[in-house]
Amino acid sequence: MADDPKQKGLGALTATFLVAGNMVGSGLFLLPASLAGVGSSSLIGWGIAGVGAMAIAGVFAILGAVRPDPDGLVRYPADGVHPWAGAIAWGAYWLSCWVGNVAIALAAVGYLAYFLPALIGPWPTAIAAIVAIWLMTLANLSGPRVVGWFSGSTLLIGLVPIVAAIIAGVIGFDADVFAASWNVSGQPLTHAIPATLVTIFWAYLGLESATIAAKAVDNPRRNLPIATLGGVALATVVYAAATAAVMGVIPAGDLAKSTAPFADVVGRLVGPVAGAVVAACALAKTLGTLAGWLLVAAEAGASGAASGYLPRAIGGEPGSRLPVRGVVATAVLMSITTLATISPTLTKQFNALINAAVLANLLVYLLCAVALLRFSGGLSPGRRFAVWAVAGLAGAFCLWATFAYLAG
């Protein structure tokens, strides 16, 4: 597009907002409750995670410029490291997709429970999540257009809870509540904060998708890194502001029990009707996200099967535009995972699932960082040093966050 003088592509600023807009969404909807066990000091974790996310985004910005590939996330390790690394990347990414989808289904149930409190409880929550999974499976089996329409129509709706919570939280911010919730874990921050990085990074999954828009960006070698890093930085500011707003209104003890933190903060400050509107918007967005990511998981499984890395049973049917077997297999795996991870509280189950999904993605990101090191052999010494610095920082963050979580 940028090569056509009659068409003007995206500039750095527009592309930055595009990247940030693609990231900010339902991944944040339950995180304030997930982080309540640490407290408002988790904002430090958002800053650290943001730096790590920018380093990883930098890896994909460089890879997207030097080796553009729509399946790069899982192909780079195979091409740049070893075929076995490709198999690990495919398996980890596919695993993270359907495990993460269960967490999204639980987030939807959490906001539905704002209207139907009877859904709170290990078995009611699990059954409601499975119903949500199969409803979105039926939507997928109706065709990609249905999923595309549903996911697209809920895109802007998903911003309502976050924007409403930030505005209401800023107006009703209570410094005493925020200070009292600073470090409720009782552990030194040097131990408590690193252990939150994997949980926080749930909101950053998919940051690599920014490079897909490379052809729509003017002067991508210059603007794509700016947009990718700027988009991650802007998303980090939004994430931190939303978390601070919620934690400055709801005490940590109450927040830890919440299944709909953004609706709760708006409901407390504006009224139950406003809270219900926010909950409805969050519910719509999480269901739209679930429908879209269920298709992504099925397509990832089909692509992995076609490449020989994953079982053929989850592959697509010859001549079919929709991997029906993959969609159904993904829904079955998600249902089993929902039952296998039943926990005393919705938040505890949600945390276990997102942590597993993030750990799998961090492994893929680490392999991509190593692949970038291998691909940099033909660069000039100065550029090679810069590439190694970005890849090294990204890889170090992936390792540190993983070990900090496992040690915690």
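These values consider heavy atoms only, across backbone and side chains, with no hydrogens, waters or symmetry-generated copies. The structure presented is a predicted model; accordingly, all values stated were derived computationally and were not measured.
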Is there a side-chain contact between Phe262 and Pro32 (heavy atoms, below 4.5 Å)? yes
Give me the atom names and distance for the closest heavy-atom approach of Ala92 to Leu363. CB-CD2, 4.3 Å
Please check: side-chain N/O of Thr196 versus main-chain N/O of Ile193, any donor-acceptor pairing under 3.5 Å? yes
Any side-chain heavy atom of Phe397 within less than 4.5 Å of one from Leu197? yes
Proximity of Phe201 and Tyr405 rings by center, below 6.0 Å: no
Show every salt bridge (charged side-chain N to carboxylate O under 4.0 Å, His left out) that has at least one partner inside residues 266-284, sequence neighbours left out. Asp254-Arg268
Say you draw a straight line from OH of Tyr111 to OG1 of Thr286; how long is it, rounded to the nearest 0.5 Å? 8.5 Å
Between Ser343 (side chain only) and Thr341 (backbone N and O only), is there a donor and an acceptor less than 3.5 Å apart? yes
Heavy-atom neighbours of Phe115 CZ exceed 12 at 6.0 Å: yes
Val147 and Ala291: which non-hydrogen atoms are nearest, and at how many Å? CG1-O, 3.5 Å
Student check: side-chain heavy atoms of Val387 and Leu372 closer than 4.5 Å: yes
Checking Leu287 against Phe150 for the side-chain contact (heavy atoms from CB on, under 4.5 Å) test, could you report, in this order, the C-alpha distance in whole Å, the side-chain angles of both residues, the deciding distance, and whether it holds? CA-CA 9 Å; Leu287 289 176; Phe150 186 34; 3.9 Å; yes
Under 3.5 Å, is there a donor-acceptor pair between the side chain of Thr345 and the main chain of Lys348? yes
Please confirm whether the backbone N or O of Gly39 pairs with a side-chain atom of Asn183, one donor and one acceptor, at under 3.5 Å? no
So do the side chains of Val332 and Trp134 get within less than 4.5 Å of each other, counting heavy atoms only? yes
Please tell me whether Ser26 and Thr289 have a donor and an acceptor in their side chains that are separated by less than 3.5 angstrom. yes
Interatomic distance, Ile127 atom CD1 to Trp123 atom CH2 [nearest 0.5 angstrom]: 7.0 Å
Rounded to the nearest 0.5 Å, how far does CD1 of Ile62 lie from CZ of Arg67? 14.0 Å
To the closest 0.5 Å, what do you measure between OG (Ser34) and CG (Leu346)? 9.0 Å
Rounding to 0.5 Å, atoms CE (Met334) and CD1 (Ile104) come to a distance of 7.5 Å
Can you confirm whether Met247 sits close enough to Leu35 that some side-chain heavy atom of one is under 4.5 Å from a side-chain heavy atom of the other? yes
Here the pair of heavy atoms bringing Ala180 nearest to Val184 is O-CG1, 4.0 Å
Before giving the answer on side-chain contact (heavy atoms from CB on, under 4.5 Å), spell out for Gln349 and Thr338 the whole-Å C-alpha distance, their side-chain angles and the decisive distance to 0.1 Å. CA-CA 9 Å; Gln349 185 176 11; Thr338 303; 4.2 Å; yes
Parallel, tilted or perpendicular: which describes the rings of Trp84 and His82, with under 30° parallel and over 60° perpendicular? tilted
Ser181 side chain to Phe178 main-chain N or O, any donor-acceptor pair under 3.5 Å? no
Output, in order, the C-alpha distance, side-chain angles, deciding distance and verdict of side-chain contact (heavy atoms from CB on, under 4.5 Å) for Tyr365 and Leu205. CA-CA 10 Å; Tyr365 293 157; Leu205 294 191; 4.1 Å; yes
Indicate yes or no for a side-chain donor-acceptor contact from Ser96 to the backbone of Tyr93 under 3.5 Å, with no hydrogens or angles considered. yes
With the side chain counted from C-beta on, respond yes when Trp90 and Ser303 share a heavy-atom pair under 4.5 Å apart, and no when they do not. yes
Phe60 side, atom CZ; Cys368 side, atom SG - distance, nearest 0.5 Å: 4.0 Å
Could you please spell out the steps behind the side-chain contact (heavy atoms from CB on, under 4.5 Å) verdict for Leu373 and Trp388? CA-CA 6 Å; Leu373 296 178; Trp388 277 58; 3.6 Å; yes
Asn355 side chain near Thr199 side chain, heavy-atom distance below 4.5 Å: yes
To check you understand the geometry: which heavy-atom pair defines the closest contact between Ile200 and Leu31, and what is its length? O-CD1, 4.0 Å
Please tell me if the side chains of Val238 and Ile166 come closer than 4.5 Å, counting only heavy atoms from C-beta onward. yes
Contacts satisfying ring-ring contact (aromatic ring centres under 6.0 Å, His included) that involve residues 224-245 (not counting sequence neighbours) are Trp46-Tyr239, Tyr204-Tyr239
Closest contact, heavy atoms only, Ser258 versus Leu30: O-CD2, 4.5 Å
Do the ring planes of Phe375 and Tyr76 sit parallel (below 30°), tilted (30 to 60°) or perpendicular (above 60°)? perpendicular
If you take all heavy atoms of Trp293 and Cys97, which pair is closest and at what distance? CZ3-SG, 4.1 Å
